[in-house]
Structures are given as C-alpha cells and as structure tokens.
Amino acid sequence: HRDEQPAPPGDTGAVGGRPAYMSQMQHEQQQHAYEQKLDRWKAKSMRCAHTARDRIEKALLFPQGWLVDIAPGAGDDKRQEQLELLRQIYVPELCIMDHHVLHEQ
C-alpha cells in the first residue's frame with residue numbers, strides 16, 4: 001500500500017524568478033488535488049493498518065485457538081513437538097508483524 005502514496009506536484013514554471021499568474025494558479029490547483037489524494041491515501045492506510053492489527057491480534061489471542069492443543073495430555077509426543085514448533089515460528093513472526101504495522105501507523 002505504501003507504493004500508492006501520491007507524489008507532490010512539481011515546481012511551478014517560474015518566469016523571471018517569480019511564477020507566472022497562470023502557472024501559480026495551476027500549481028495551487030495541483031497542490032490542492034495532491035492534498036486531497038494524500039488525505040484519502042492516509043485514511044486508506046489507517047484503515048488497512050487497523051485491519052491488519054486487529055487480524056494479527058485475533059490470531060495471537062484467539063481463545064482455544066490454533067496454537068492450543070484440543071486435547072492436552074493426550075500423550076501424542078509428535079503432535080506436541082509440532083505445536084511447539086508452530087508456536088516458536090509464528091508467535092514471534094506475528095508479534096513482529098504487529099510491531100511493524102503499529103510503527104508505520
């Protein structure tokens with residue numbers, strides 16, 4: 001989403017060190033359009049960040065979720081090893097993703 005950030009308008013075509021009246025008006029219109037696009041982009045970026053943060057937190061905090069064994073103590077050592085490996089891989093990864101989303105917000 002970061003690649004979609006609008007670019008500011010270019011320089012006004014200055015005449016004799018001062019922009020011509022028409023160029024100045026055109027630049028002001030471009031600046032206004034840029035500011036509107038930037039405001040829309042920021043709002044969309046915030047919505048995306050909130051959605052990502054909420055989904056990451058739901059994945060981390062899901063009660064009786066995918067990181068919790070359904071039948072603890074069932075004696076299946078292979079399953080316990082797989083769950084431990086999943087926790088070691090994905091919990092830190094999700095925390096890092098959450099940090100990046102919150103930091104860029």
Side-chain angles (χ1 to χ4, degrees):
H1 179 70
R2 186 184 299 180
D3 297 337
E4 297 173 15
Q5 182 175 1
D11 193 13
T12 64
V15 176
R18 298 183 70 198
Y21 178 71
M22 293 302 288
S23 292
Q24 185 177 357
M25 283 182 51
Q26 183 180 13
H27 179 71
E28 287 173 2
Q29 289 174 347
Q30 290 173 345
Q31 184 69 28
H32 181 68
Y34 161 73
E35 289 170 1
Q36 288 178 331
K37 286 180 185 178
L38 186 61
D39 288 342
R40 285 193 300 270
W41 177 82
K42 286 179 180 179
K44 182 179 178 184
S45 181
M46 287 296 268
R47 285 192 307 270
C48 289
H50 285 291
T51 300
R53 184 195 65 210
D54 290 344
R55 289 181 180 176
I56 290 169
E57 286 179 2
K58 285 180 182 176
L60 285 170
L61 304 174
F62 186 73
Q64 301 300 319
W66 59 283
L67 292 176
V68 177
D69 198 357
I70 296 169
D76 188 0
D77 291 335
K78 182 75 171 168
R79 177 165 173 77
Q80 294 302 320
E81 289 175 21
Q82 291 171 344
L83 286 171
E84 184 63 30
L85 182 61
L86 282 173
R87 290 183 195 103
Q88 288 174 356
I89 294 171
Y90 291 108
V91 169
E93 190 173 318
L94 285 169
C95 290
I96 290 169
M97 283 183 196
D98 196 29
H99 172 76
H100 284 300
V101 168
L102 293 172
H103 179 70
E104 290 179 7
Q105 205 175 37

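Note on Ile96: it does not cluster hydrophobically with Leu94, by side-chain heavy-atom contacts below 4.5 Å among ILVMFWY residues.
Leu85 places none of its side-chain heavy atoms less than 4.5 Å from the side chain of Glu81.
Atom CD of Glu84 sits about 9.5 Å away from atom CG of Leu86, to the nearest 0.5 Å.
Listed here is the closest heavy atom pair of Tyr34 and Ala7: CD1-O, 3.2 Å. Residues Gln31 and Pro9 approach most closely at OE1-CG, 3.2 Å, considering heavy atoms.
Defined by atom type and a distance below 3.5 Å, a donor-acceptor pair is present between the side-chain atoms of His50 and Arg53. A donor-acceptor pair shorter than 3.5 Å cannot be found between the side chains of His32 and Glu28.
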| message | As a quick check of understanding, evaluate side-chain contact (heavy atoms from CB on, under 4.5 Å) for Gln30 and Gln26, giving each step before the final call. | response | CA-CA 6 Å; Gln30 290 173 345; Gln26 183 180 13; 3.7 Å; yes
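Looking at Thr51, its side chain does come within 3.5 Å of a backbone N or O of Arg47 through a donor-acceptor pair.
Shown here is Arg40, whose CZ atom has more than 12 heavy atoms of other residues, nucleotides or ligands within 6.0 Å.
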